[in-house]
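Heads up: numbering here begins at 1 and tracks the sequence. Worth knowing before you read on, the calculation uses all heavy atoms, side chains too, and leaves out hydrogens, waters and symmetry mates. Keep in mind that this is a model prediction, so the values were computed, not measured.
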Amino acid sequence: MRAAPLHGTLYTGRVIVTIDGVAASGKSSVASGVARALGVPYVSSGLLYRAATLLALEAGAPLDDARALLTHLRAHPLRLEALAGGNRLWAGERELTDELHSTRVDQGVSAVAALPEVRAWVDAQLRALPEPFVAEGRDMGTNVFPQAGAKFYLTASPRVRAERRAQERPEDVPAIEAALIERDRRDRVQSAPAPDARVIDTGPLSLEGVIGTILAALPARSA
């Protein structure tokens, strides 16, 4: 992954900005917007967990068996293409990106992400990426990049998140809301803000408003 040229004077050099938050809080869209404004790539950790879940489902592998999952991942290496405008995920020559946000992956990804061995595998992939970048996920600021100089955590009520997701999928808002509440329960251990993260309620804000709030909070850095 090669960083694009920086725009403006906010950031230069080795910089990591982390954007964590609950499911469907807008992390990917916000991270992409912030990355484009800074002229750096953004990294979606969730796509790696989703890709591992998809491959396991296709192979009929149990989602709670870390050894079987890692064996399958080593046999089918994943490649994350981190770009400011959007991440793409590949398994060999096959692009998985468009298949990673299905309901069946939604339902299984928490179980996969809860496995310490799989989390360690994902963390290793992320830490190998060259800086600078914007990293989004569940525990970027707490576990993966605790040294990051700028940390943010996005949240919103389950109803607001369900209404937003319903605009992307042909599903019933109450059903999505119930699924998100259950997802929040399962993700509680992994999805907690870092003590030094700024928490942003995205409910009353537009996408541009959230991005602007983050950009305004970033400390200026010199080369």
Enter the distance from [X]:[atom1] to [Y]:[atom2] here, rounded to the nearest 0.5 Å.
{"X": "D106", "Y": "I176", "atom1": "CG", "atom2": "CD1", "answer": "9.5 Å"}
{"X": "L154", "Y": "I214", "atom1": "CG", "atom2": "CD1", "answer": "5.5 Å"}
{"X": "D201", "Y": "Y153", "atom1": "CG", "atom2": "OH", "answer": "11.5 Å"}
{"X": "L48", "Y": "N87", "atom1": "CG", "atom2": "CG", "answer": "8.5 Å"}
{"X": "L47", "Y": "L78", "atom1": "CG", "atom2": "CG", "answer": "10.5 Å"}
{"X": "E131", "Y": "L129", "atom1": "CD", "atom2": "CG", "answer": "10.0 Å"}

I want to check something: taking the side chain as every heavy atom from C-beta on, are [X] and [Y] in contact at a cut-off of under 4.5 Å?
{"X": "F133", "Y": "I16", "answer": "yes"}
{"X": "L126", "Y": "M140", "answer": "yes"}
{"X": "T53", "Y": "L100", "answer": "no"}
{"X": "L57", "Y": "R104", "answer": "yes"}
{"X": "W121", "Y": "E117", "answer": "no"}
{"X": "D139", "Y": "R119", "answer": "yes"}
{"X": "V210", "Y": "V34", "answer": "no"}

Exercise. Check step by step if side chain to side chain contact (heavy atoms under 4.5 Å, CB included) holds for V40 and V15.
Key: CA-CA 10 Å; V40 301; V15 174; over 6 Å; no
[X] (side chain) donor-acceptor with [Y] (main chain) under 3.5 angstrom:
{"X": "T213", "Y": "G209", "result": "yes"}
{"X": "R161", "Y": "A156", "result": "yes"}
{"X": "E182", "Y": "A178", "result": "no"}
{"X": "K151", "Y": "P146", "result": "yes"}
{"X": "D123", "Y": "V144", "result": "no"}
{"X": "R183", "Y": "S110", "result": "no"}
{"X": "T97", "Y": "L89", "result": "yes"}
{"X": "S45", "Y": "E136", "result": "yes"}
{"X": "S25", "Y": "V22", "result": "yes"}
{"X": "D64", "Y": "A111", "result": "no"}

Exercise. Give the intermediate values and the outcome of side chain to side chain contact (heavy atoms under 4.5 Å, CB included) for residues I181 and R185.
Key: CA-CA 6 Å; I181 291 172; R185 185 192 66 78; over 6 Å; no
If I compare all heavy atoms of [X] with all of [Y], which pair ends up nearest, and what's the gap?
{"X": "I211", "Y": "G33", "result": "CD1-CA, 3.6 Å"}
{"X": "V43", "Y": "A82", "result": "CG2-CB, 4.1 Å"}
{"X": "L80", "Y": "S44", "result": "CD2-O, 4.2 Å"}
{"X": "L69", "Y": "A52", "result": "CD2-O, 4.3 Å"}
{"X": "A56", "Y": "H72", "result": "N-CD2, 4.5 Å"}
{"X": "R138", "Y": "K27", "result": "NH1-NZ, 3.1 Å"}

Please tell me whether [X] and [Y] are part of a single hydrophobic cluster in this structure, the criterion being side-chain heavy atoms less than 4.5 Å apart.
{"X": "L207", "Y": "V199", "value": "no"}
{"X": "I200", "Y": "V160", "value": "no"}
{"X": "L215", "Y": "L205", "value": "yes"}

Exercise. Go through the structure and list residues passing side chain to side chain contact (heavy atoms under 4.5 Å, CB included) with E163, not counting sequence neighbours.
Key: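 Once residues adjacent in sequence are excluded, the partners of E163 under the side chain to side chain contact (heavy atoms under 4.5 Å, CB included) criterion are R159, V173.
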Self-check item: side chain to side chain contact (heavy atoms under 4.5 Å, CB included) involving R67 - partner list, sequence neighbours excluded
Solution: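 Result, side chain to side chain contact (heavy atoms under 4.5 Å, CB included) vs R67: D65, T71.
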Exercise. Take E99 and V105, measure what side chain to side chain contact (heavy atoms under 4.5 Å, CB included) needs, and give me the verdict at the end.
Key: CA-CA 9 Å; E99 305 174 61; V105 172; over 6 Å; no
Practice problem: Report the C-alpha distance between Y42 and V30 in whole Å, list the side-chain angles of each, state the deciding distance to 0.1 Å, and finish with yes or no for side chain to side chain contact (heavy atoms under 4.5 Å, CB included). | Solution: CA-CA 10 Å; Y42 97 89; V30 170; over 6 Å; no
Exercise. Would you check, one step at a time, whether the test side-chain hydrogen bond (donor to acceptor under 3.5 Å, both in side chains) holds for T202 with R164?
Key: CA-CA 11 Å; T202 68; R164 289 173 177 169; 2.9 Å; yes
Practice problem: Could you pull out all residues at least two apart from Y49 that satisfy ring-ring contact (aromatic ring centres under 6.0 Å, His included)? | Solution: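 Partners of Y49 by the ring-ring contact (aromatic ring centres under 6.0 Å, His included) criterion come out as none, since no residue qualifies.
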